[in-house]
Number of protein chains: 2
Amino acid sequence: MVTDPPVKLTPVSYVVLGLLAQDGPSTPYELKAAVGRSIGNFWSFPHTQLYTEPERLAAAGLVREKQEATGRRRRTFTITAAGRRALQAWLGEPASFSRELRDLGLLKLFFGGLVDPEAVRALAAEQEKAHLRKLEDFEALEREGRTDGDAHRRSVLRMGLLYERAAARFWAEVAAGALPEPDVER
Amino acid sequence: MVTDPPVKLTPVSYVVLGLLAQDGPSTPYELKAAVGRSIGNFWSFPHTQLYTEPERLAAAGLVREKQEATGRRRRTFTITAAGRRALQAWLGEPASFSRELRDLGLLKLFFGGLVDPEAVRALAAEQEKAHLRKLEDFEALEREGRTDGDAHRRSVLRMGLLYERAAARFWAEVAAGALPEPDVER
DNA sequence: CCTATCATGTAATCCGTTACATGATTAT
DNA sequence: ATAATCATGTAACGGATTACATGATAGG
């Protein structure tokens, strides 16, 4: 049994491994589509990574690559037994606490003291609208059942929905209050 | 007027510029502390960036560096007029929609179909607890008023609080339902 | 046929992260 | 004094992003 060179497995690695495990052999383009429909909604990365990452994983023996000999010469990637082991190992260990809310709107709000109140209000209005739009997307997805995947996948979309709902309400408050004094008697 | 080499300004750049603008001249360590107390709660990055990023900004003429001649030889960074202009320009333009929920727990849940239900329940329990803990932190901060900064800074912490609350509830549902069938008659 | 867009990548760059390290300060 | 931890960095690496590019397919 040959030992492949070790690679650091990143979240993207597990996205690829997981999708290959759940959906079966896929081309990068199919991965891209699957991501866009699901994870991409709350954890995005450029499509190029879905071309390069499987390559990395192939070098590590965690996926196998097969390329069409003709036409588009598509590359189809398949998860290997070693890949499944790595994925299961990761899924098995505790996730601990690791979440980032990387929101440029919030970042700007954080520095709201540096601009005039009108600008803050504009920001809040814009953000509220954006989150409402996203919220509607999610609600439509849920309603129409146009979500693919199992219950867990849908569950994740639901968390996205809950977040958008909270965010929209939050920004509405900011837009209304402009300067939200904390619990001053209104 | 000399034109400095252009640099790409990243979110971290604006964090540094913003903190220097709001809190005045600071050392990297002070920046680190300020971040840890506030933004770090929802957008974290390693302390080393708060040493290297001001350097980059200095090279671009957006901040000025002054170093102690003795002792620790601390470096203190001050925002320049050009720096303020860059910051204001960024604050002025629309933030559009850009938010990432990079949560490893959610990622694992997404692939919950690949493990046994018991593992999912364990994940959910663990995550709920973690979010509750964080929630308590935020609530304590809000209650005790130990938050520093102006209303906007506190406002951002409040969004963090809302998120943790939603997340905790979400994970509780997942832990209870294990397999959340969407809107099956309970 | 021509045009749009779909599909599929390569290459270069660089920011973010990890690993490492050491002098100053404070506590015991 | 000594240990602990506070404070302050440097250097290297590589994954993530950006920019660019081109062949296939479908629609008009």
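In the text below, chain A, chain B and the rest are named by the order of the sequence lines, each starting its count at 1.
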Atom-to-atom span, OH of A/Y29 to P of D/dA24 - whole angstrom: 16 Å

Atom-to-atom span, CZ of B/R75 to P of C/dG23 - whole angstrom: 17 Å

Length of the line joining B/K8:NZ and D/dA16:P, which is rounded to integer Å: 15 Å

B/L50 CG - C/dC15 C1' separation (whole Å): 14 Å

Residue B/T48, side-chain atoms from C-beta onward, closest of D/dT17, D/dG9, C/dT8: D/dG9

Rounded distance (Å) that lies between atom C1' of C/dC6 and atom CD of A/E30: 14 Å

Shortest side-chain distance from A/H47, nucleotide among C/dT8, D/dT10, D/dT17: C/dT8

Of B/R102 and B/T52, the one whose closest DNA chain D nucleotide lies more 5': B/T52

Nearest-neighbour nucleotide for the B/K32 side chain, D/dA16, C/dT18, D/dT8 considered: D/dT8

Distance, rounded to the nearest Å, where B/E53 contributes CD and C/dT17 contributes C1': 14 Å

Options D/dT17, D/dG15, C/dC15, nucleotide nearest the side-chain atoms of A/P46: D/dT17

Sugar-phosphate, base or nothing in reach of A/E55, heavy atoms under 4.0 Å: sugar-phosphate

Nearest listed nucleotide, side chain of A/R74, among D/dG15, C/dT8, C/dT17: C/dT8

Phosphate contact (C/dC15 OP1 or OP2) by B/Q49 side-chain N/O below 4.0 Å: no

Name of the residue among B/R74, B/R75, B/R56 meeting salt bridge (charged side-chain N to carboxylate O under 4.0 Å, His left out) with B/E65: B/R75

B/E173 with A/R158: basic N within carboxylate O range, under 4.0 Å: yes

Distance in angstrom units between A/W43 CH2 and D/dT17 P, rounded: 11 Å

Ion pair B/R121/B/E118, N-O distance below 4.0 Å: yes

Six-ring centre of B/F138, B/K134 cation under 6.0 angstrom, axis tolerance 45°: yes

Minimum-distance nucleotide to B/Y51 side chain [options: C/dG9, C/dC15, D/dG9]: D/dG9

Length of the line joining A/E100:CD and C/dT17:C1', which is rounded to integer Å: 13 Å

Ring center gap for A/F170 and A/H131 short of 6.0 angstrom: no

Short side-chain N/O contact from B/R56 to OP1 or OP2 of C/dC15, under 4.0 Å: yes

Sugar-phosphate only, base, or nothing, as touched by B/F45 at under 4.0 Å among non-hydrogen atoms: sugar-phosphate

